[in-house]
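The residues of the chain are indexed from 1 along the displayed sequence. This structure is a prediction, so every number in the text was calculated from the model and none was measured. In each ligand, atom 1 is the first atom listed, and ligand 1 is the first ligand listed.
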Amino acid sequence: QGITIIGVPMDLGADRRGVDMGPSAIRYASVQEKLTLLGFDVKDLGNLQVPTPESYDVGETHLKYLREITSVNEELAETLDKVVLEGCFPLVLGGDHSIAIGTIAGVAKRRKRMGLVWFDAHGDLNTAETSPTGNIHGMPLAVSLGIGHPDLVNLAGFTPKVQPENIVVIGARSLDEGERHLIREKGIRVFTMHDIDRLGMGRVIEESIDIVSKDTDSVHLSLDLDGMDPKDAPGVGTPVPGGISYRESHLAMEMLSDAGVLTSAEFVEVNPILDRKNCTAQAAVALIGSVFGEKIL
Ligand code: ARG
Ligand code: MN
Ligand code: MN
Ligand code: MN
């Protein structure tokens, strides 16, 4: 099978600089080599062009860089639609999590119904009204559900991109009040760290696979590296202690891979200037290996 890599050096959705170097760090950690060794036909389209924050006005402070983020995501969605049409597996490298708006729009466009695995310390379910920061990387899951600014919600000409009953959030441990409200209102299945501790990652993923594959024709994995524990993935802009361990995250990827349900994936929020010897990008590449069937034995 073919895998098409696309980098999105986006940092307009986050407060911290450096996450725009995420795609380079992940490539430097040999993502293409790993996938080629696993037997895939890998094509790297390079990076999309992303405006530099210094040369643009932040715009509205409760939706920072809305215009620029919208236009990059439009281009990302169009690019991914072509990748899907070619029959390749899209693998998107971020960049901050605001790029999930375009990724999900692009991969959901030709599908009747898509499942979504959201691996994250956060819910990313804010809107301009509920966000404590105005950073759009805290909003992409809400946007994909059709909640948020119309320019973002209507990206690629359709909304919603995904139904609440086909979403799982895994690893949550930092939720804002408005996000808690939305989770209850929509009935989104959120596996918090508490749930992972009590049930074990194995059961969490078994349940997750049922949810994301029920009546769906595709499943997207949106993996924010801050879902992992900061001890294992320190190179992220919004670290939260008490996260998913290195082994648990691998088990999750291995089980998703064995289930054979994934049709696209993105790895976001890697920030090399906050990292320790590129270990967060290396963790991302190790997880990507597991997603694509790498086994210990
Ligand atoms: N909830 C916080 C906010 O809305 C943090 C979001 C962090 N999101 C992320 N993709 N790292 O600003
Ligand atoms: Mn930049
Ligand atoms: Mn996060
Ligand atoms: Mn996130």
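Within a 6.0 Å radius of CZ in Phe158, more than 12 heavy atoms belonging to other residues, nucleotides or ligands are found. Annotation for Arg16: atom CZ does not count as buried by contact number, only 12 or fewer foreign heavy atoms lying within 6.0 Å.
Closest to atom 5 (C) of ligand 1 among all protein heavy atoms lies His122 CD2, 3.9 Å. In terms of protein heavy atoms, atom 4 (O) of ligand 1 is closest to Asn126 ND2, 2.9 Å.
Per residue His122, closest N, O or S atom to the Mn ion (ligand 3): atom name ND1. Restricting Asp124 to its N, O or S atoms, the one at the least distance from the Mn ion (ligand 4) is OD2. Among the heteroatoms counted here (N, O or S) of Asp224, OD2 is the one nearest to the Mn ion (ligand 3). Among heteroatoms of the N, O or S kind in His97, ND1 lies nearest the Mn ion (ligand 4).
For the residue pair Tyr246 and Asp232, the shortest heavy atom distance occurs at N-OD2, 3.1 Å. Summarising the geometry of Ser131 relative to Met139, their closest heavy-atom pair is CB-CE, 3.7 Å, with the distance given to 0.1 Å. Contact record, Lys161 with Ala108: O-CB, 3.9 Å, taken as the closest heavy-atom pair.
At a cut-off of 3.5 Å, with distance as the only test, no side-chain donor of Glu54 or Thr52 sits close to an acceptor on the other residue. His122 and Asp124 are not linked by any side-chain donor-acceptor pair at a separation below 3.5 angstrom, with hydrogens and angles left out of the test. A donor-acceptor contact closer than 3.5 angstrom is absent between the side chains of Asn166 and Lys214. For the residue pair His97 / Glu266, no side-chain donor-acceptor distance below 3.5 Å is found, with atom types taken as modelled.
Because the distance cut-off is set at 2.8 Å, Glu269 fails to qualify as a neighbour of the Mn ion (ligand 4), as none of its N, O or S atoms comes that close. The Mn ion (ligand 4) lies at 2.8 Å or more from every N, O or S atom belonging to His137. Within the coordination shell of the Mn ion (ligand 4), defined by N, O or S atoms under 2.8 Å, Asp120 is present.
Proximity of Glu269 to ligand 1, defined as any heavy-atom pair under 4.0 Å, is confined to the side chain (atoms from C-beta onward). Of the heavy atoms in His137, both backbone and side-chain atoms come closer than 4.0 Å to ligand 1. At a heavy-atom cutoff of 4.0 Å, ligand 1 is contacted by no atom of Val268, backbone or side chain. With a heavy-atom cut-off of 4.0 Å, Val236 does not touch ligand 1 at all.
The shortest N or O to N or O distance between Asp224 and ligand 1 is under 3.5 Å. Below 3.5 Å of separation, one finds an N or O of Asp124 facing an N or O of ligand 1.
Near Asp226, the atoms of ligand 1 lying under 4.0 angstrom from a non-hydrogen atom of the residue are 11 (N). Within the listing of ligand 1, atoms 10 (N) sit less than 4.0 angstrom from a heavy atom of His97. Listed by atom number, the atoms of ligand 1 under 4.0 Å from Thr133 heavy atoms are 3 (C), 4 (O), 12 (O).
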Please test Thr70 against Asn73 for side-chain hydrogen bond (donor to acceptor under 3.5 Å, both in side chains), starting from the C-alpha separation and ending with a verdict. CA-CA 5 Å; Thr70 303; Asn73 275 309; over 6 Å; no
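When the heavy-atom distances from atom 6 (C) of ligand 1 to Gly138, Pro239, Gly227, Gly237 are ranked, the shortest goes to Gly138. Among Val240, Thr238, Asp176, the residue whose heavy atom lies closest to atom 2 (C) of ligand 1 is Asp176.
Residues Phe40 and Phe89 keep their aromatic ring centres 6.0 Å or farther apart.
At a threshold of 4.5 Å between non-hydrogen side-chain atoms, the residues Val8 and Thr103 do not count as touching.
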